[in-house]
Amino acid sequence: MSNMSSTRAGAQPAAWLQGIKDALPLLGAYIPIAISFGLIAIQSGFGVLETILISTIIYAGASQFLFVAMVAAGSPLWLVVIMTLLINARHVLYAPNLAVYLGNDKRWIPLMHGLTDQVFALSHSRMPAMAKDQRMAWYTSAALVAWFSWIGGTAIGAIAGEELTQRWPLINDVLPFALPALFLVLVLPRCNNRMWTAAIATAAVLALVVKLCGYPNVAIPLAAMAGAMVFYALKPARSAQASQSAQASS
Amino acid sequence: MNTDMNNDMSTEIWLTLISIAVGTYLLRLVPHVWMQYKLARHENSDVSASTPDWLTVMGPGMIAAMFGTSVVPMQLSTLSWMATAAGLLATLLVWRKTRSMGLPTLAGVLVFGLVKVVFA
């Protein structure tokens, strides 16, 4: 029993550390993008503290860029709210996908602020194999690393973005590749049968094509739906096969 | 320009900023609260059975779509596409060897950067 308690007690720091470790690849993507945001916000006329505050409380990349651009262009503010929330509407699918791993602990309520695209993707891949009592510690540390790197990157961009991008242009060019590399690592384990491989390939290729056509904001929900449709189109045939084999073996 | 915006960072713009922040938070929170309520109602049954089937398919679909959009290089040039392909290949190969997250990501970034620098 004492062994068991010491194992469980040791599991919490391990989960915190694992969360930090798992979120590290995000830094390569978050910091350069946040630096760009900080720089653009300053160039659009926002102050340093305002820019940092935007990243702290909105904390959603694409919609922040849109917010700054629309406000600087003098767009109607009601339209700014609608457009940015429309871009973020895909987030409604994230928590339900993780629900079975989260449980009804009230501490998840503030932690939902950290549920970005990338933190969702990380959680969706890592939480299923994790012990129930480690998930909150793991998520909290991963989400905090991501959030602080976003805020820190924004601050760097707002204060010294112009000088940084002039001196080291490769920072902006190379480090954001961490994002597709990380997403690839997160989807690969799913490609363990024909049905999932086809659904994932469809979603990825369609998202790429739609973005190239100039519609980056609808690309993700549209492509995900197409992937799901491919999944369901292939599913009946496989289910029938499975039930036939089950009958044959019985 | 900066001073103008600071002067113009009026109550309306602050309210807009706060509305977006609260709205985005609610987009993340409300589905969580709704699902926990739903799961609590099915406490005695199989937990996974109370999760809508389409949601379990949309999750990986969203991640795949995010991968697809993030693959598009910032500058659409042949070199960028070549670097992207090389970076993804390196990521894939290291992942097959290690089945981890950090090393394949690092390898992808290094190879992507290397191709960019060498062929620039």
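Here is the naming used below: chain letters follow the sequence lines, and residue numbers restart at 1 for every chain.
Contact of Trp78(A) with chain B is not made at all, since no heavy-atom distance falls under 4.5 Å. Only the side chain of Leu53(A) comes within less than 4.5 Å of a heavy atom of chain B; its backbone N, CA, C and O stay farther away. Neither the backbone nor the side chain of Leu24(A) comes within contact range of chain B, judged by heavy atoms closer than 4.5 Å. Only the side chain of Arg126(A) comes within less than 4.5 Å of a heavy atom of chain B; its backbone N, CA, C and O stay farther away. In this structure, chain B has heavy atoms under 4.5 Å from both the backbone and the side chain of Ala121(A).
When side chains are defined from C-beta on, Pro96(A) does not count as touching His32(B), because their heavy atoms never get closer than 4.5 Å. Considering only heavy atoms from C-beta on, Phe177(A) comes within 4.5 Å of Leu88(B) through its side chain. The shortest side-chain heavy-atom distance between Leu179(A) and Met66(B) does not fall under the 4.5 Å cut-off. In this structure, the side chains of Met62(B) and Tyr94(A) come closer than 4.5 Å at one or more pairs of heavy atoms. Tyr25(B) places none of its side-chain heavy atoms less than 4.5 Å from the side chain of His91(A). Side-chain contact between Val92(A) and Arg28(B): absent, with no pair of heavy atoms (C-beta onward) separated by less than 4.5 Å. Residues Ile63(B) and Phe120(A) are in side-chain contact: their nearest non-hydrogen atoms beyond the backbone lie under 4.5 Å apart. Inter-residue side-chain proximity for Leu186(A) and Phe67(B) is flagged as unmet; no heavy-atom pair is nearer than 4.5 Å.
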- Message: If you apply the rule side chain to side chain contact (heavy atoms under 4.5 Å, CB included), what do you find for Thr69(B) with Phe183(A), and how did you get there?
- Response: CA-CA 10 Å; Thr69(B) 55; Phe183(A) 281 135; over 6 Å; no
- Please step through side chain to side chain contact (heavy atoms under 4.5 Å, CB included) for the pair Asp173(A) and Gln75(B), ending with a clear verdict. CA-CA 9 Å; Asp173(A) 203 17; Gln75(B) 299 138 9; 3.9 Å; yes
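Contact count versus chain B (heavy atoms, under 4.5 Å) is highest, among Ala89(A), Pro216(A), Pro189(A), for Pro189(A).
Applying the 6.0 Å contact sphere to CH2 of Trp168(A) captures no more than 12 heavy atoms from other residues, nucleotides or ligands.
Listed by first then second residue, pairs satisfying salt bridge (Lys or Arg N to Asp or Glu O under 4.0 Å) with a partner in residues 60-75 of chain A number zero, not counting sequence neighbours.
Within residues 204-213 of chain A, the residues having any heavy atom under 4.5 Å from a heavy atom of chain B are, by residue number, Ala204(A), Ala207(A), Leu208(A), Lys211(A), Leu212(A).
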